[in-house]
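First the proteins, then the strands, lettered A, B, ... as listed; each starts at 1.
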Amino acid sequence: NAGVMQNPRHLVRRRGQEARLRCSPMKGHSHVYWYRQLPEEGLKFMVYLQKENIIDESGMPKERFSAEFPKEGPSILRIQQVVRGDSAAYFCASSRQGGETQYFGPGTRLLVL
Amino acid sequence: KNEVEQSPQNLTAQEGEFITINCSYSVGISALHWLQQHPGGGIVSLFMLSSGKKKHGRLIATINIQEKHSSLHITASHPRDSAVYICAVETARQLTFGSGTQLTVLP
């Protein structure tokens with residue numbers, strides 16, 4: 001049973017470009033969570049999704065950031081017009097049900113030049 | 001004041017020592033999580049608990065809901081336990097994280 005998969009593991013973008021981060025949850029998991037870890041800072045919640053639904057996006061910046069978890073395929077965290085301050089590690093986690101143990105992916109390290 | 005406070009921030013121990021990391025929180029929670037972040041950055045979920053005590057190998061986690069406090073204990077510590085240990089509290093399906101405890105176990 002493969003764990004949570006994230007790709008790419010490393011992503012380099014220039015300011016103004018778009019970044020797409022993908023997360024494939026563990027088999028049988030329909031709940032996905034995205035977290036961001038800025039350099040030298042702790043993890044922060046961004047968004048919680050179930051299949052085709054955004055349940056809680058209170059941690060997501062209001063502009064340039066969006067997330068989806070379609071019926072088929074991975075969850076996508078999309079950052080438009082990236083800025084240097086978006087450089088961070090973005091972690092995805094999944095759970096079978098809400099309120100159960102979350103399993104973390106290896107993270108995507110985004111570097112904005 | 002942060003919702004989740006961990007102590008100590010840094011901890012250096014000799015191999016074999018018993019280690020305790022503490023976590024205090026200020027809000028009502030549905031569960032508390034202990035996570036381990038390796039030097040390479042990967043995160044592993046160690047425990048999720050809402051009451052009492054859980055044990056897995058050399059790791060023990062306890063929680064006191066009334067006192068809003070949890071501890072993570074490592075018995076017979078080993079250099080491979082060196083990592084950042086993170087406490088996170090769950091409210092409304094959302095995790096709020098402590099700043100982590102950097103543990104270094106020397107051989």
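In this structure, the portion of A/Q37 lying under 4.5 Å from any heavy atom of chain B is its side chain and not its backbone. At a 4.5 Å heavy-atom cutoff, A/S95 makes no contact with chain B through either its backbone or its side chain. In this structure, no portion of A/Y103 lies under 4.5 Å from any heavy atom of chain B.
Heavy atoms of other residues, nucleotides or ligands lying less than 6.0 angstrom from NZ of B/K53 number 12 at most. The neighbour count for A/Q80 CD, taken as heavy atoms of other residues, nucleotides or ligands under 6.0 Å away, is above 12. No more than 12 heavy atoms of other residues, nucleotides or ligands sit less than 6.0 Å from atom CZ of A/R15.
In this structure, B/F97 has its ring center closer than 6.0 angstrom to the ring center of A/Y35.
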Does the pair A/F104 and B/Q37 meet the rule for a side chain to side chain contact (heavy atoms under 4.5 Å, CB included), with working shown?
-> CA-CA 10 Å; A/F104 283 76; B/Q37 187 166 27; over 6 Å; no
Please walk me through it: do A/L43 and B/I43 pass side chain to side chain contact (heavy atoms under 4.5 Å, CB included)?
-> CA-CA 11 Å; A/L43 286 154; B/I43 296 174; 3.7 Å; yes
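Hydrophobic clustering (ILVMFWY, side-chain heavy atoms < 4.5 Å, transitive): B/I74 and B/L32 are in one cluster. Follow the hydrophobic side-chain contacts under 4.5 Å out from B/Y85 and you reach B/I63 in the same cluster. Residue A/I76 is not grouped with residue A/L11 when hydrophobic side chains (ILVMFWY) are merged at heavy-atom distances under 4.5 angstrom, including chains of intermediate members. Both B/Y25 and B/L49 are part of a single hydrophobic cluster, where members link through side-chain heavy atoms under 4.5 Å apart.
Heavy-atom pairs under 4.5 Å with chain B peak, among A/H31, A/K44, A/R109, at A/R109.
Here the closest heavy-atom approach between residue B/S45 and residue A/Q102 is recorded as CB-O, 3.5 Å. Shortest non-hydrogen contact noted between B/M48 and A/T101 is SD-N, 3.3 Å.
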